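Note sheet for the following structure.
On a predicted model such as this, the values are computed, not experimentally measured, just so you know. Along the sequence shown, the residues carry numbers beginning at 1.
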Amino acid sequence: MVKRGLAWCVVALMCGCSDPVAQARIDSLGADPGPYEPGPNHRAGQPCTWCHGDGPEEAFDLAGTVFLSPANLEPVRGALVRVFDAKGHQRSRYTTESGNFFFEEGALGLDFPLWVKVESGDEVRLMHTPVFRERSCAACHRDPTSAASPGHVYLREQP
């Protein structure tokens, strides 16, 4: 009887445990500002791996959103996002209707640091610095542009 009671206590504690820091980050995002239901198009421009990492949703190895320009936050649909590692290995994904792209957990298979290139038609944009460990583009690429952030990921310099 004591063993059974102890087992239930352990299960209850495990189910009630969560990372309060991770949960506070998720809560800080607030309501989804976009018009999309939860899925591959929601929360464009927000740090995907806050929920799709240690959070409650399917985990991503790397994820982000591509916008048209710094002044035009129109999503770039169907852009090819190429990710390279130092050994020359690469993986790629196309952006969704909302400009989102993501590599599901285990799909990236590259070693950090990473380099990123976005291609859409004749336009090509290279990221000038490598990604050292952050798996959510919007964790670094956020508005407003400042010394701490280059602003959103975008394809063009001008609208």
- Neighbour count >12 (heavy atoms, 6.0 Å) for atom OH, Tyr94: no
- Item | Joint hydrophobic cluster, Leu108 plus Leu80, side-chain heavy atoms closer than 4.5 Å | no
- Taking the side chain as C-beta and beyond, is there a heavy-atom pair between Gln158 and Ser69 under 4.5 Å? no
- Message: Would the distance check show the side chain of Ser92 and the main-chain N or O of Val81 forming a donor-acceptor pair, the cut-off being under 3.5 Å?
- Response: no
- Inspect the contact between Arg125 and Glu119 and indicate whether a charged nitrogen and a carboxylate oxygen are less than 4.0 angstrom apart. no
- Task: Check whether the ring centres of Tyr154 and Phe67 lie less than 6.0 Å apart, and answer yes or no.
- Result: no
- Query: Which heavy-atom pair separates Pro70 from Leu73 by the least distance, and what is that distance?
  - Reply: O-CD2, 4.4 Å
- Note on the structure: Interatomic distance, CH2@Trp115 vs CD@Gln90, rounded to 0.5 Å, equals 13.5 Å
- Message: So, taking the atom named CZ in Arg91 and the one named CG in Leu110, what distance separates them when rounded to the nearest 0.5 Å?
- Response: 5.0 Å
- Report the distance from atom CG of Leu155 to atom CG of Leu68, rounding to the nearest 0.5 Å. 6.5 Å
- Message: Can you tell me how far apart CZ (Phe132) and SG (Cys140) are? Round to the nearest 0.5 Å.
- Response: 11.0 Å
- To the nearest 0.5 Å, how far apart are CG in Leu114 and CD in Glu134? 11.5 Å
- Min side-chain heavy-atom separation Val131-Val116 under 4.5 Å: yes
- Rounded to the nearest 0.5 Å, how far apart are NE2 of His152 and CG of Asn72? 11.5 Å
- Can we say Glu74 and Arg156 salt-bridge, meaning some charged N sits less than 4.0 Å from an Asp/Glu carboxylate O? no
- Hphob cluster co-occupancy, Val76 + Leu62, side-chain heavy atoms under 4.5 angstrom: yes
